[in-house]
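The structure displayed is predicted, hence computed values, not measured ones.
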Amino acid sequence: MKFIKPKFITAYLLLSLSGIGSAMASIPGMKGPEHIGFTVPRMTEAVEFFVEIMGCDPFYQLGPFADEKGDWMATHLNVHPRATIPAIQLLRCGNGSNLELFEYTAPGQNKQPATNSDVAGHHIGFYVENMDAAVTYLKNQGIRVLGEPSVMTSGPSAGESWVYFLAPWGMQLELVSYPNGKAYEKDTDRRLFAPNK
């Protein structure tokens with residue numbers, strides 16, 4: 001992993017935007033993220049939320065998986081050897097990475113969702129064409145939206161609006177929109193992935 005000292009981050013970002021820093025080593029043949037996997041407390045509730053509220057398309061389910069005596073779970077998944085996976089569900093959500101939902105049981109399992117400030121904290125951002133319509137929809141569905149959308153007016157993300165919201169089990173998710181693009185696009189031919197392109 002390449003470590004960049006804080007005082008050099010601005011210079012590194014400028015070089016990257018110009019294309020000079022883009023010739024980094026990568027895994028041979030790597031094309032991009034194929035799925036995002038995360039654990040949910042109840043598979044039925046999670047699938048219902050992602051299908052009925054978010055509009056994702058369910059594909060197939062796997063499981064159960066367990067190793068009653070050996071270390072397969074610890075060796076291959078870095079979890080407690082007696083952890084079990086009652087079910088895994090694959091979904092597709094529009095023009096983006098697939099979602100892989102896991103339901104786990106494990107001794108000492110932490111059942112509190114990580115926040116963004118926790119190590120390994122995370123969120124999934126969903127692109128929407130109309131932020132106001134999307135926020136109104138979520139609120140009408142009884143989904144907790146965290147504050148009002150923030151609009152970026154300066155810097156490389158100028159033109160973007162975003163807002164966080166919570167899945168019923170407390171997982172943090174995000175809506176993001178930039179129908180007229182982002183400011184960084186004026187300075188480079190390179191583009192971040194965007195599901196609206």
- Find out whether the Lys NZ or Arg CZ of Lys182 is both under 6.0 angstrom from the six-membered ring centre of Tyr178 and within 45° of the ring's axis. yes
- Hey, mind stepping through Asn98 and Glu34 against side-chain hydrogen bond (donor to acceptor under 3.5 Å, both in side chains) and telling me if it holds? CA-CA 6 Å; Asn98 301 307; Glu34 193 270 348; 3.2 Å; yes
- Would you say the side chain of Phe126 lies within less than 4.5 Å of the side chain of Glu174, judging by non-hydrogen atoms? no
- Message: Ser177 vs Ser161, test: side-chain hydrogen bond (donor to acceptor under 3.5 Å, both in side chains). Steps then yes/no.
- Response: CA-CA 5 Å; Ser177 187; Ser161 60; 4.7 Å; no
- Verify, without hydrogens or angle tests, whether Glu100 (side chain) and Ile88 (backbone) share a donor-acceptor contact under 3.5 angstrom. no
- Point-to-point distance, once rounded to the nearest 0.5 Å, from CZ of Phe193 to OG of Ser97: 6.5 Å
- Item | Qualifying side-chain hydrogen bond (donor to acceptor under 3.5 Å, both in side chains) pairs with a residue from residues 36-48, counting only residues at least two apart or across chains | Arg42-Glu45
- Task: Output, in order, the C-alpha distance, side-chain angles, deciding distance and verdict of side-chain contact (heavy atoms from CB on, under 4.5 Å) for Ile124 and Met171.
- Result: CA-CA 9 Å; Ile124 301 172; Met171 180 179 175; 3.8 Å; yes
- Should Val145 and Tyr164 be regarded as members of a common hydrophobic cluster, given that ILVMFWY residues are connected when their side-chain heavy atoms come within less than 4.5 Å of each other, either directly or indirectly? no
- Query: To the nearest 0.5 Å, how far apart are CG in Asp118 and CD in Gln112?
  - Reply: 10.5 Å
- Query: Taking C-beta and beyond as the side chain, do Met43 and Pro86 meet within less than 4.5 Å on heavy atoms?
  - Reply: no
- Query: What is the distance from atom OH of Tyr184 to atom CD of Glu160, rounded to the nearest 0.5 Å?
  - Reply: 10.0 Å
- Give the C-alpha distance, both sets of side-chain angles, the deciding distance and a yes or no for side-chain contact (heavy atoms from CB on, under 4.5 Å) between Thr115 and Gln172. CA-CA 7 Å; Thr115 65; Gln172 194 157 287; 5.8 Å; no
- Item | Test side-chain contact (heavy atoms from CB on, under 4.5 Å) applied to Val176 and Val128, step by step | CA-CA 6 Å; Val176 62; Val128 294; over 6 Å; no
- Query: Are Tyr60 and Phe65 co-members of a hydrophobic cluster defined by side-chain heavy atoms under 4.5 Å apart?
  - Reply: yes
- Check for a donor-acceptor pair, side chain of Arg191 on one end and backbone N or O of Thr188 on the other, with a separation under 3.5 Å. yes
- Main-chain N/O of Gly70 paired to Asp67 side chain as donor or acceptor, under 3.5 Å: yes
- Item | Leu101 side chain near Leu91 side chain, heavy-atom distance below 4.5 Å | yes
- Task: Indicate the ring-plane relationship of Phe38 and Phe50, choosing parallel, tilted or perpendicular according to the 30° and 60° boundaries.
- Result: tilted
- Message: Among residues at least two apart in sequence or on other chains, which ones pass side chain to side chain contact (heavy atoms under 4.5 Å, CB included) with Ala133?
- Response: Asn130
- With a 4.5 Å heavy-atom cut-off, do Ile53 and Tyr137 have their side chains touching? yes
- Message: Between Glu148 and Lys139, does any side-chain N to carboxylate O distance fall below 4.0 Å?
- Response: yes
- Would you call the rings of Phe102 and Tyr104 parallel, tilted or perpendicular if under 30° counts as parallel and over 60° as perpendicular? parallel
- Query: Going from CD on Glu103 to CD on Gln61, what distance comes out if it is rounded to the nearest 0.5 angstrom?
  - Reply: 8.5 Å
- Item | Leu77 side chain reached by Trp72 side chain, heavy atoms, under 4.5 Å | yes
- Query: Under a single-linkage definition using a 4.5 Å side-chain heavy-atom cutoff for Ile, Leu, Val, Met, Phe, Trp and Tyr, are Val51 and Ile36 assigned to the same hydrophobic cluster?
  - Reply: yes
- Please work out which of the three classes, parallel, tilted or perpendicular, describes the rings of Phe49 and Trp169, given edges at 30° and 60°. perpendicular
- Query: Can you tell me if Arg92 uses its side chain to pair, donor with acceptor, with the backbone of Gly94 under 3.5 Å?
  - Reply: yes
- Item | Close side-chain approach of His35 and Leu99, heavy atoms under 4.5 Å | no
- Item | Shortest non-hydrogen contact between Tyr127 and Pro179, atoms and distance | OH-N, 3.3 Å
- Message: Working to the nearest 0.5 angstrom, can you tell me the gap between Ile143 CD1 and Leu173 CG?
- Response: 9.0 Å
- Message: In the structure I gave you, are the side-chain heavy atoms of Leu175 and Phe165 within less than 4.5 Å of one another anywhere?
- Response: yes
- Query: Is the closest side-chain heavy-atom distance between Asn196 and Asn95 below 4.5 Å?
  - Reply: no
- Item | Heavy-atom donor-acceptor pair, Asn116 side chain to Gly121 backbone, under 3.5 Å | no
